[in-house]
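One structure is given here, and the rest of the page talks about it.
Just so we're clear, the structure is a prediction, and the values are computed from it rather than from any experiment. In this chain, residues are counted from 1 in sequence order.
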Amino acid sequence: GSTNIQQRTLTYTAPVGSTPGKLTEVVKPGSGTYPDLTFTTLPSTTRVLISGIKATEVSGVAQPVFPYYAFDQSSSTGDLTPLTTPLSTADIARTIMVRVSFVVYPDRPNPKDKDATTLQDDVYIRISDPSRPQEGARCL
């Protein structure tokens, strides 16, 4: 049967010269019955969610806009550990949280750093039990 499930992909494009950075969303329609879903390349829709952004920096080093985290398998208290990107198949299944973090500049010529705002949020993507990190995440 058909479904209303869609695949959404968010992509960060870093600023280049005077071209501002942006966050873009691509939406692909799905078909099939869970868990046997397929997503078509066309028709898809693409839109810019926000422009005028750049990655946050720590000591002058740009940080990932979408860092991924999993439970630390050596801890029973729900501590998180960062995962390397691109994610391996095994790490995709272990991912518990995605931290979204970037700096937004006002939409005007030559914006200044003092006028920028840092936006950050943690997105938990699955149900999981932090007291049993070895079991990983469970899909809903």
Side-chain angles (χ1 to χ4, degrees):
S2 69
T3 128
N4 291 327
I5 292 179
Q6 300 172 328
Q7 180 184 59
R8 295 175 181 262
T9 304
L10 300 179
T11 303
Y12 167 66
T13 304
V16 177
S18 62
T19 304
K22 63 185 175 183
L23 199 60
T24 306
E25 175 189 53
V26 175
V27 180
K28 296 178 183 178
S31 61
T33 304
Y34 182 82
D36 299 315
L37 299 171
T38 58
F39 298 95
T40 60
T41 302
L42 295 173
S44 66
T45 56
T46 301
R47 67 182 177 143
V48 175
L49 297 176
I50 188 169
S51 63
I53 68 172
K54 72 173 194 173
T56 57
E57 294 183 0
V58 174
S59 301
V61 177
Q63 301 300 300
V65 171
F66 299 109
Y68 300 88
Y69 296 84
F71 284 130
D72 182 341
Q73 303 261 335
S74 65
S75 170
S76 62
T77 59
D79 295 330
L80 298 177
T81 186
L83 299 170
T84 58
T85 54
L87 292 172
S88 67
T89 302
D91 282 349
I92 288 171
R94 293 180 50 224
T95 301
I96 296 297
M97 183 187 81
V98 179
R99 175 166 286 147
V100 181
S101 180
F102 54 87
V103 179
V104 181
Y105 287 83
D107 186 16
R108 63 176 177 233
N110 304 313
K112 308 287 186 230
D113 283 344
K114 68 181 179 116
D115 298 323
T117 300
T118 299
L119 298 177
Q120 180 176 326
D121 200 4
D122 296 340
V123 180
Y124 292 86
I125 59 173
R126 292 183 171 89
I127 295 176
S128 54
D129 184 349
S131 68
R132 299 189 323 205
Q134 65 282 359
E135 292 181 13
R138 293 181 298 149
C139 290
L140 295 173

TODO: Identify, with sequence neighbours excluded, every residue that meets side-chain contact (heavy atoms from CB on, under 4.5 Å) alongside T19.
DONE: none
TODO: Apply side chain to side chain donor-acceptor pair (under 3.5 Å) to D113 and list each qualifying residue two or more places apart in sequence or on a separate chain.
DONE: Y105
Task: hydrophobic_cluster_shared for L119 and V103, side chain cutoff 4.5 Å - done: no
Task: Minimum heavy-atom distance L83-R94, with the two atoms named - done: CD2-NH1, 3.6 Å
- [ ] First locate atom CZ of F39, then atom OG of S44, and finally report the distance between them rounded to the nearest 0.5 Å.
- [x] 13.0 Å
Task: Gap separating the OG atom of S31 from the CG atom of L37, nearest 0.5 angstrom - done: 7.5 Å
- [ ] Please answer: with hydrophobic residues joined when any side-chain heavy atoms are less than 4.5 Å apart, are V27 and V100 in the same cluster?
- [x] no
- [ ] Please check if the side chain of Q120 supplies one atom and the backbone of T118 the other of a donor-acceptor pair under 3.5 Å.
- [x] no
- [ ] Please report the shortest heavy-atom distance between T81 and F71, naming the atom on each side.
- [x] CG2-O, 4.0 Å
Task: Nearest atoms (heavy-atom pairs only) where L23 meets F102 - done: CD2-CE2, 4.3 Å
Open item on the list: Please find the pair of heavy atoms, one from A55 and one from Q63, that lie closest to each other, and give the distance.
Closed with: CB-O, 3.3 Å
TODO: Determine, using the 4.5 Å side-chain heavy-atom cutoff (strictly less than), whether I50 and V98 are members of one ILVMFWY cluster.
DONE: yes
Open item on the list: Which heavy atom of E25 sits nearest to which heavy atom of L10, and what is that distance?
Closed with: CB-CD2, 3.7 Å
Open item on the list: Please determine whether side-chain contact (heavy atoms from CB on, under 4.5 Å) holds for the pair V26 and T11, giving the CA-CA distance in whole Å, both sets of side-chain angles, and the decisive distance to 0.1 Å.
Closed with: CA-CA 8 Å; V26 175; T11 303; 5.7 Å; no
Task: Heavy-atom donor-acceptor pair, T85 side chain to L87 backbone, under 3.5 Å - done: no
Open item on the list: Between T95 (side chain only) and D91 (backbone N and O only), is there a donor and an acceptor less than 3.5 Å apart?
Closed with: yes
- [ ] Give, for atom CE of M97 and atom CG of D121, the distance between the pair rounded to the nearest 0.5 Å.
- [x] 9.5 Å
Task: Single-linkage hydrophobic cluster V65~V58, side-chain heavy atoms < 4.5 angstrom - done: no
- [ ] Any chance you could measure D122, atom CG, to I96, atom CD1, to the nearest 0.5 Å?
- [x] 13.0 Å
TODO: Kindly determine whether Y68 and I92 satisfy side-chain contact (heavy atoms from CB on, under 4.5 Å), including the steps that lead there.
DONE: CA-CA 9 Å; Y68 300 88; I92 288 171; over 6 Å; no
Task: Short N-O contact, D115 and K112, less than 4.0 angstrom - done: no
Open item on the list: Measuring from atom OG1 of T24 to atom CZ of R47, what distance do you get when rounded to the nearest 0.5 angstrom?
Closed with: 10.5 Å
Task: Which atom of K54 lies closest to which atom of P15, heavy atoms considered - done: CB-CG, 3.9 Å
